[in-house]
Novice: 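Following this message is one structure expressed as structure tokens.
Each chain gets a letter, A, B and so on, in the order its sequence line appears, and its residues count up from 1.
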There are 2 protein chains.
Amino acid sequence: MKKIFNMSNPKVERVLADLKRLGYRLTRPRQSVLQVLMEADGCLRPEEIHARARRYCSTLGLVTVYRTLSLLSEMDHIRRVHREDGCHSYARTELAHGHHLICRDCHQVIEFPGLDNMSTLIDPIARETGFLVEDHMLELVGLCPVCQEKVEA
Amino acid sequence: MKKIFNMSNPKVERVLADLKRLGYRLTRPRQSVLQVLMEADGCLRPEEIHARARRYCSTLGLVTVYRTLSLLSEMDHIRRVHREDGCHSYARTELAHGHHLICRDCHQVIEFPGLDNMSTLIDPIARETGFLVEDHMLELVGLCPVCQEKVEA
DNA sequence: GACATATTGAAAATCTTTTTCATTAATAAT
DNA sequence: ATTATTAATGAAAAAGATTTTCAATATGTC
Ligand SMILES: [Mn+2]
Ligand SMILES: [Mn+2]
Ligand SMILES: [Zn+2]
Ligand SMILES: [Zn+2]
């Protein structure tokens with residue numbers, strides 16, 4: 001099958017090539033999910049991805065979304081992000097490195113972008129322990145500006 | 001109700017006092033869950049906690065485990081730890097607070113040494129966001145040396 | 001175009017967690 | 001100790017998220 005989008009996204013192209021290289025078929029459902037993920041600038045839940053991707057492939061089933069997410073995760077083109085409410089979100093690997101800053105009072109959650117210096121922290125630990133560190137999760141807890149004032153008052 | 005365990009654990013005592021202070025009842029089901037959590041030296045899933053706590057309170061329902069976990073989390077006596085497979089584990093705050101290195105295959109948990117440079121990481125974020133960062137949780141996930149070999153083989 | 005089969009979607013199954021609600025038991029008052 | 005109050009409990013049902021099953025379909029190849 002040919003690409004389903006006339007206007008081509010270089011990120012999408014790259015993944016499509018990778019899929020083909022590995023012998024996977026370039027189906028319309030897959031392409032629709034991929035397109036959504038690669039044009040998004042944040043984390044999306046499977047349900048959201050499903051809704052958006054249906055605009056490109058109206059017959060798309062949620063099951064296929066899950067299957068595609070799992071495949072793209074394996075290939076490390078997207079990454080799964082933990083959510084407080086139990087389920088998961090997915091984002092392009094470049095974006096998925098966000099960390100959380102949580103206010104212990106109002107429970108506000110701020111995402112802050114990935115830290116490049118994270119590896120200066122992790123590398124020595126990997127070396128010492130012999131672990132192959134594949135992922136990390138950093139969560140900061142404290143008081144947001146608003147709640148700091150509430151406490152002072 | 002009086003305490004259900006003749007041999008008393010100081011950690012359990014402390015939480016019981018706190019519960020009483022806040023007007024909660026010291027029920028047998030609650031005490032059994034608490035006991036399990038405070039005598040454990042690692043993370044436990046609700047199902048595991050349920051199984052263990054039943055030895056102290058045979059009628060204990062899984063629902064009550066969830067309710068107690070949520071209460072103790074609110075009170076910050078235990079902390080919820082994210083798991084790769086979607087569900088959550090819980091551990092005493094002291095245990096859950098440190099930095100952990102978790103093997104995604106054998107689930108081994110190693111506590112890893114010295115992160116003095118944590119503040120070089122956190123300070124800029126605090127400055128940018130205006131948050132007062134009081135606590136942090138860092139979890140590294142990967143493969144332990146043993147499980148790396150298993151994969152290679 | 002025909003073929004082989006990887007992929008799909010619907011439905012059912014699983015699994016974790018939450019809600020509902022009638023019953024039970026902890027605490028405080030008598 | 002007995003009783004009254006009502007927070008807390010457990011069973012069952014519901015809610016969600018994700019996975020499995022399987023017959024039908026669409027893709028890449030010849
Ligand atoms: Mn990260
Ligand atoms: Mn999680
Ligand atoms: Zn706040
Ligand atoms: Zn291991």
Novice: Checking B:Q35 against B:Q31: is there a side-chain donor and acceptor pair closer than 3.5 Å?
Specialist: no
Novice: Calculate the interatomic distance between B:E48 atom CD and C:dC15 atom C1'; express it in whole Å.
Specialist: 15 Å
Novice: Using atom NZ of A:K20 as one end and atom P of C:dA6 as the other, report the distance to the nearest whole Å.
Specialist: 18 Å
Novice: So, using side chain to side chain donor-acceptor pair (under 3.5 Å) as the criterion, who are the partners of B:R21 when residues are at least two apart?
Specialist: B:D18
Novice: Tell me: CG of A:L26 to P of D:dT29, nearest whole Å?
Specialist: 10 Å
Novice: When the side chains of residues 43-51 of chain B are checked against the rest of the protein, which donor-acceptor pairs come out under 3.5 Å, sequence neighbours left out?
Specialist:
unit_1, atom_1, unit_2, atom_2, d
B:R45, NH2, B:E48, OE2, 3.3
B:E48, OE1, B:R45, N, 2.8
B:H50, NE2, B:L60, O, 2.9
B:H50, NE2, B:L62, N, 3.4

Novice: Across nucleotides 8-18 of chain D, 5' to 3', mark each nucleotide with B, S or - according to how protein heavy atoms within less than 4.0 Å reach it.
Specialist: SBBBB----SS
Novice: Report the secondary structure of DNA chain C in dot-bracket form, marking unpaired bases with a dot and bases paired to a different strand with |, and treating Watson-Crick or G-U pairs with both distances under 3.5 Å as paired.
Specialist: ||||||||||||||||||||||||||||||
Novice: Using the side chain to side chain donor-acceptor pair (under 3.5 Å) criterion, which residues pair with B:R52? Sequence neighbours excluded.
Specialist: none
Novice: Taking side chain to side chain contact (heavy atoms under 4.5 Å, CB included) as the test, write out the residues that go with A:D41, two or more places apart.
Specialist: none
Novice: Taking only residues two or more places apart in sequence, or in another chain, which ones meet A:S89 in a side chain to side chain donor-acceptor pair (under 3.5 Å)?
Specialist: A:R83
Novice: A:V63: which residues meet the side chain to side chain contact (heavy atoms under 4.5 Å, CB included) condition with it, sequence neighbours left out?
Specialist: A:R67
Novice: Who passes side chain to side chain contact (heavy atoms under 4.5 Å, CB included) against A:S73, sequence neighbours left out?
Specialist: A:I78, A:Y90
